[in-house]
Number of protein chains: 2
Amino acid sequence: MTEPETFPERRRGSGVKLVYDVLRDEILDLVLPPGSPIDEVQLAERFGMSRTPIREALVRLAGEGLVETLPNRSTMVANIDLLNLHTFFDALTLMYRVTTRLAATYHKPADLEILRAHQAKFSAAVEAQDALAMIASNRDLHAAIAEAGRNPYYLSLFVRLLDEGRRLLRLYYQSFNDRLPREYVDEHEAIIAAIEARDVKLCDRLAKAHADQIVRQIQKFISRDQRQQLTL
Amino acid sequence: MTEPETFPERRRGSGVKLVYDVLRDEILDLVLPPGSPIDEVQLAERFGMSRTPIREALVRLAGEGLVETLPNRSTMVANIDLLNLHTFFDALTLMYRVTTRLAATYHKPADLEILRAHQAKFSAAVEAQDALAMIASNRDLHAAIAEAGRNPYYLSLFVRLLDEGRRLLRLYYQSFNDRLPREYVDEHEAIIAAIEARDVKLCDRLAKAHADQIVRQIQKFISRDQRQQLTL
DNA sequence: CGTCAGATTCTTGTCGACAAATAAAATGCA
DNA sequence: TGCATTTTATTTGTCGACAAGAATCTGACG
């Protein structure tokens, strides 16, 4: 049984952002499973506000593809398209490479501190075998690398891809338990060092290897899952 | 004096899309110049509807970066950041290359007909020395190439970049008059032929050359414009 | 003459309500 | 019982209104 959540009295104008952030997290963490319908009045009651700010939050989520809205019909959480995953992997790999390369060129000293902070969190998550924290801090680290690259166009696409990946990993995160991807920690260290050294070619190579590793990991989850489905 | 525009009675649910499309076009064509404030009640009167659908359209536009909204303050048309244009050129060039390469691999016969139709329009626009039509059909052609590549992630970033470019070219479109870029027609023909031949490496080379050409053209406009500003 | 506080106007953010459109249920008929 | 059609119910799209902030104006005071 879920205890009735209560939201503190909020400032004017903070309503949409609150709803947007909460719904976004719940979608990415699969608390709201893909394909599940979203009822506006229900959300309005839950957040204790009118339908108008709920609606605006849903429009924003639809703009990022996290929610699909059928005209005059209920809007629902976007499905995960497992059939066209290769387009996702392709774009993700390219963005890994491009953002890391740009970070090598355009980063400033302050950026490196941020990267190391994220890396510390990631390392701690691996140590604690907390798969969810790993997913989150991995995303934050690479988003920070993209910010150090200072190209807002790549950044926006990349965070969208990273979030989609977060949703995908959440789907299979149980599988993280059998073998700890401690290699990721070392790979991250190497990437950060290459960025600091401003070695563009090395960054590209490391980013590609890192991306391939993640793609393989996800594909392994999926194939295992499909085998399980077949045996049922 | 602008004649009072009148909108036909619309179906339920078509309001936001209408407002979104009209505003988007006006922003991209610089009818609404960058930085100009947007008044909701004014738009509501103009479109003959309530503020609610206007608001949703603005939220969508804000999601695409075409409009910037300050809290509790007026929202305004997004500025063109001339200082960070290199990030735009970088992303544009990469997307030109990637989408053309993917089109070479994944296109189907029906796609080629669409490409040729757009190319015909572009050729006609060049013939007629209609700079605005050239800008629009050039954008449509490359968007169609991206669609033939069948990667929605690249497509969404690319159309955003192409639209931003449309706005940029509109700024300087007068300069198109002095020398007709008839080379573009030939370059487009070559690209389409390379896609049809499924020659990935050639597509990459042609796309890069094409992108470089466009970037140089825009930079020429800008430097010329800046020189004019200096002489004032 | 400039500056600051208070009052006013103006724009936005939010609300409750109503009508259209669709889905679901109920009814009638073969 | 099965199917088509009407009726009901639910949910969305839109509206007009109100209140909170911000910007502007006004006037007093230094």
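A note on names: the letters A, B, ... follow the listed sequences, proteins ahead of strands, and every chain is numbered from 1. Note that this is a predicted model, so its numbers are computed, not measured.
Whole-Å rounding puts the B:R12 CZ to D:dC15 P distance at 10 Å. What separates CG of A:L43 from C1' of C:dT14 is a distance of 16 Å, to the nearest Å. One interatomic measurement links the two molecules: CD of B:E56 to P of C:dT12, which rounds to 16 Å at whole-angstrom precision. Rounded to whole Å, the distance from CD1 on B:I54 to C1' on D:dC15 is 12 Å. Taking atom CD of residue B:Q42 and atom P of nucleotide C:dC10, one finds them 14 Å apart after rounding to whole Å. As a whole-Å value, the separation of A:L18 CG from C:dT14 P is 10 Å.
Across every non-hydrogen atom of B:T100 and B:I145, the tightest pair is CA-CG2, 3.9 Å. When all heavy atoms are compared, the tightest approach of B:A91 to A:Y154 is CA-OH, 3.1 Å. For B:V159 against B:A143, the heavy-atom pair with the smallest separation is CG1-CB, 4.3 Å.
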Donor-acceptor contacts under 3.5 Å from residues 119-126 of chain B side chains, at least two apart:
unit_1 : atom_1 : unit_2 : atom_2 : d
B:Q119 : OE1    : B:H188 : ND1    : 3.2
B:Q119 : NE2    : B:V185 : O      : 3.1
B:Q119 : NE2    : B:E189 : OE2    : 3.3

Cut-off 3.5 Å, no hydrogens considered: what does the side-chain donor-acceptor table look like for residues 68-89 of chain A, sequence neighbours left out?
unit_1 : atom_1 : unit_2 : atom_2 : d
A:N72  : OD1    : B:R12  : NE     : 3.2
A:D81  : OD1    : A:L83  : N      : 3.2
A:T87  : OG1    : A:N84  : O      : 2.8

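Residue contacts for B:E40: at a heavy-atom cut-off of 4.0 Å it reaches the sugar-phosphate backbone alone, with no base atom in range.
When the side-chain hydrogen bond (donor to acceptor under 3.5 Å, both in side chains) test is applied to B:E147, no partner is found at least two apart in sequence or on another chain.
Heavy-atom distances to DNA chain D give each of B:G15 and A:R11 a nearest nucleotide, and the one nearer the 5′ end belongs to B:G15.
Residues A:R139 and A:I135 have side chains not in contact (no heavy-atom distance under 4.5 Å, counting atoms from C-beta outward). Residues B:I191 and B:I195 are in side-chain contact: their nearest non-hydrogen atoms beyond the backbone lie under 4.5 Å apart.
Listed by first then second residue, pairs satisfying salt bridge (Lys or Arg N to Asp or Glu O under 4.0 Å) with a partner in residues 101-118 of chain B read B:R101-B:D204, B:D111-B:R150, B:R116-B:E196, not counting sequence neighbours.
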Got a list of protein N/O to nucleotides 16-18 of chain C N/O distances below 3.5 Å?
none

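A heavy atom lying under 4.0 Å from DNA chain C marks the following residues of residues 63-77 of chain A, by number: A:N72, A:R73.
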